**Q** 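The structure is given below, and queries will be raised subsequently.
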Amino acid sequence: MSDFPDRNLAMELVRVTEAAALAAARWVGRGDKLAADKGAVDAMRSMLGRIEMDGLVVIGEGEKDEAPMLFNGERLGTGEPPEVDIAVDPLEGTTLCAKGMPNAIAVIAIAERGAMFDPGPCFYMEKLVTDNEAAMAIDIERPIEDNIRAVAAAKGKPVNETTVIMLDRKRHDEAKARIRETGARIRMISDGDVAGAMTAAREGSAIDLLYGIGGTPEGVLAAAAIRCLGGEIQARLAPQDETELAAVKEHGWDLSRVLTRRDLVSGRDVFFAATGVTDGDMLEGVRYGRRGASTQSIVMRSRSGTVRIVNGEHNREKLESYLKSTGLGLSEGAPIPAGTGITL
């Protein structure tokens, strides 16, 4: 990032996540997660093309032959310095959005070129996340019961007042039973473990610990957020079938290696932005009013440690005029929610 030592790219990225959130929000509760995701992807990609950077997508929507937009290896931005790695999830929680459930968000992170962990063929990892207060207490190589007790002690609270957030998956049934035996509380979520990790990492939240096996790309995005928020993530690659295991071994990854936030996202400067699509633990979702829509975003930079909550008011007429003037065009898809006219 030496080309722009004082340039806070996160403040430019928030426009990207706002656009993605506004596009996806048209589909909230409409039952079509693919349309919601496409709207977010199209909006995010259009906005990214206008940022002065030479961006390489490390964490994207898949390989080029599987995703027409924001695929792994795609180059984004104007092509000018700085050279950066990009991790994106245009709509984390596509099912949450489609069902109108909490914690759907649009997310992006960037860091210096070569800073982001490339998971290769490994789609899943075991994750443990907590905040600054308990960061030194966790150890993913120890049983989850030990980690819960250690986090409770670090935070000065009894175990039965400690809350663990987990994806509601059958693979977690055994761990769920063991956690309950300690007396700790559990909040189960159907999707959205980037949002879950951010909640666990933020001091003062109702969540003390995230645990479980989730997506590796989401782990890299979570690590970028944690580099800015503080706290810690510990992770181990966790292939879920023989095909994935064979591919990971062929790739040369060490399954016993414990990955921390700096292993997943290294470098001196990390930028992160997320905008709420539906209301959640950290962010309000897109809300419509007479004149347009409002958004709420979190914008962060690791070097300064600054965390901003950005509330945006988007005037319908001016927004549509701007879109036409920049050539972005209007996204095709669902009818606009009654009384809004928001087309992003």
Side-chain angles (χ1 to χ4, degrees), residues 10 13-14 16-18 20-21 24 59 87-94 96-97 101-111 116-117 125-135 138 151 155 163-167 186-235 259-262 264-265 270-285 295-302 304-311:
L13 295 180
V14 73
V16 176
T17 57
E18 284 176 344
I59 302 294
V88 294
D89 196 340
L91 179 56
E92 197 218 10
T94 54
L96 300 177
C97 179
M101 298 172 66
N103 285 319
I105 58 175
V107 188
I108 188 168
I110 66 174
M116 289 185 177
F117 178 77
M125 59 170 40
E126 181 186 15
K127 308 170 194 176
L128 194 63
V129 178
T130 193
D131 64 13
N132 263 329
E133 197 172 16
I138 61 171
V151 167
K155 294 190 172 194
T163 303
V164 181
I165 193 167
M166 299 179 71
L167 285 170
I186 302 178
R187 181 190 294 185
M188 306 302 298
I189 54 174
S190 62
D191 296 282
D193 63 346
V194 174
M198 290 170 62
T199 306
R202 193 162 195 187
E203 290 187 63
S205 84
I207 303 300
D208 300 293
L209 190 67
L210 174 139
Y211 176 70
I213 295 172
T216 306
E218 289 82 359
V220 176
L221 277 163
I226 291 166
R227 284 290 311 275
C228 302
L229 276 173
E232 184 61 278
I233 178 172
Q234 293 186 6
L259 300 162
T260 67
R261 68 189 190 282
R262 290 189 176 273
L264 293 168
V265 183
V270 181
F271 302 89
F272 182 95
T275 301
V277 178
T278 59
D279 286 352
D281 293 315
M282 292 188 67
L283 296 169
E284 293 179 356
T295 56
Q296 188 172 68
S297 307
I298 188 168
V299 186
M300 303 184 284
R301 184 181 190 180
S302 66
S304 64
T306 302
V307 177
R308 293 180 172 92
I309 298 296
V310 177
N311 292 305

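Nothing here was measured: the structure is a model prediction, and the numbers come from that model. One is the number of the first residue; the rest follow in order along the sequence.
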**Q** Within the 4.5 Å heavy-atom criterion, are Arg187 and Val164 side-chain neighbours or not?
**A**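 No, their side chains stay 4.5 Å or more apart.
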
**Q** Does the side chain of Gln296 reach to within under 4.5 Å of the side chain of Thr275, using non-hydrogen atoms?
**A**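 Not touching, per the 4.5 Å side-chain cut-off.
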
**Q** Has Thr278 got a side-chain atom pairing as donor or acceptor with Asn103's backbone, closer than 3.5 angstrom?
**A**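 Looks like yes, one N/O pair under 3.5 Å.
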
**Q** Is any side-chain heavy atom of Glu218 closer than 4.5 Å to a side-chain heavy atom of Lys127?
**A**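 SC-SC contact between Glu218 and Lys127 confirmed.
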
**Q** Determine, stepwise, if the pair Leu13 / Val299 fulfils side-chain contact (heavy atoms from CB on, under 4.5 Å).
**A** CA-CA 8 Å; Leu13 295 180; Val299 186; over 6 Å; no

**Q** Looking only at heavy atoms, which two atoms of Leu96 and Pro102 are closest? And how far apart?
**A**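 Looking at all heavy atoms of both residues, the closest pair is CD1-O, 3.3 Å.
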
**Q** Could you report the tightest heavy-atom contact between Pro90 and Ala20, atom names first, then the distance?
**A**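 Taking Pro90 first and Ala20 second, the nearest heavy atoms are O-CB, 3.9 Å.
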
**Q** For residues Ile138 and Glu232, determine if any side-chain heavy atom of one lies less than 4.5 Å from a side-chain heavy atom of the other.
**A**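 In short, these two side chains touch, coming nearer than 4.5 Å.
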
**Q** Please report the shortest heavy-atom distance between Thr17 and Ala274, naming the atom on each side.
**A**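 Here Thr17 and Ala274 meet closest at OG1-C, 4.1 Å.
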
**Q** Between Ile233 and Leu264, is any pair of side-chain heavy atoms under 4.5 Å apart?
**A**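 Yes; the side chains approach each other to less than 4.5 Å.
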
**Q** Let me confirm one number: the OG-CZ distance from Ser302 to Phe271, rounded to the nearest 0.5 Å.
**A**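 Result: 7.0 Å between the selected atoms.
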
**Q** By the definition side-chain contact (heavy atoms from CB on, under 4.5 Å), identify the one residue from Asp89, Ile108, Val220 that meets it with Ile59.
**A**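 The single option meeting the side-chain contact (heavy atoms from CB on, under 4.5 Å) with Ile59 is Val220.
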
**Q** So how far is it from Asp191 CG to Glu92 CD, rounded to the nearest 0.5 Å?
**A**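 So the gap between those two atoms works out to 8.0 Å.
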
**Q** Looking at side-chain heavy atoms only, is the closest gap between Cys228 and Arg301 below 4.5 Å?
**A**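 Cys228 vs Arg301: side chains apart.
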
**Q** What is the minimum heavy-atom distance between Ala223 and Val265, and which atoms define it?
**A**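 Looking at all heavy atoms of both residues, the closest pair is CB-CG2, 4.0 Å.
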
**Q** With the side chain counted from C-beta on, respond yes when Leu259 and Phe117 share a heavy-atom pair under 4.5 Å apart, and no when they do not.
**A**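 Side chain of Leu259 against side chain of Phe117, heavy atoms only: contact under 4.5 Å found.
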
**Q** Quick one: are Asp193 and Met198 in side-chain contact, heavy atoms under 4.5 Å?
**A**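 Counting from C-beta outward, Asp193 and Met198 never come under 4.5 Å.
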
**Q** Assess the residue pair Leu229 and Val307 against the criterion (side-chain contact (heavy atoms from CB on, under 4.5 Å)); give the C-alpha distance rounded to whole Å, side-chain angles, the decisive distance to 0.1 Å, and a yes or no.
**A** CA-CA 7 Å; Leu229 276 173; Val307 177; 4.2 Å; yes

**Q** Heavy atoms only: give me the nearest Leu167-Gly214 pair and the separation to one decimal.
**A**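 Leu167 and Gly214 have their closest heavy atoms at CD1-CA, 4.0 Å.
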
**Q** Check step by step if side-chain contact (heavy atoms from CB on, under 4.5 Å) holds for Val129 and Leu209.
**A** CA-CA 6 Å; Val129 178; Leu209 190 67; over 6 Å; no

**Q** Only pairs at least two apart or in different chains count here, so list each side-chain hydrogen bond (donor to acceptor under 3.5 Å, both in side chains) that has a residue in residues 200-213.
**A**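 Residue pairs with at least one partner in residues 200-213: Glu126-Tyr211, Lys155-Asp208, Lys157-Asp208.
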
**Q** Rounded to the nearest 0.5 Å, how far apart are CG of Leu283 and OG1 of Thr199?
**A**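 With rounding to 0.5 Å, CG (Leu283) is 9.0 Å from OG1 (Thr199).
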
**Q** Closest heavy-atom contact between Ala10 and Ala273?
**A**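 Smallest interatomic distance, heavy atoms only, reads O-CB, 4.4 Å.
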
**Q** Would you check, one step at a time, whether the test side-chain contact (heavy atoms from CB on, under 4.5 Å) holds for Met300 with Arg308?
**A** CA-CA 6 Å; Met300 303 184 284; Arg308 293 180 172 92; over 6 Å; no

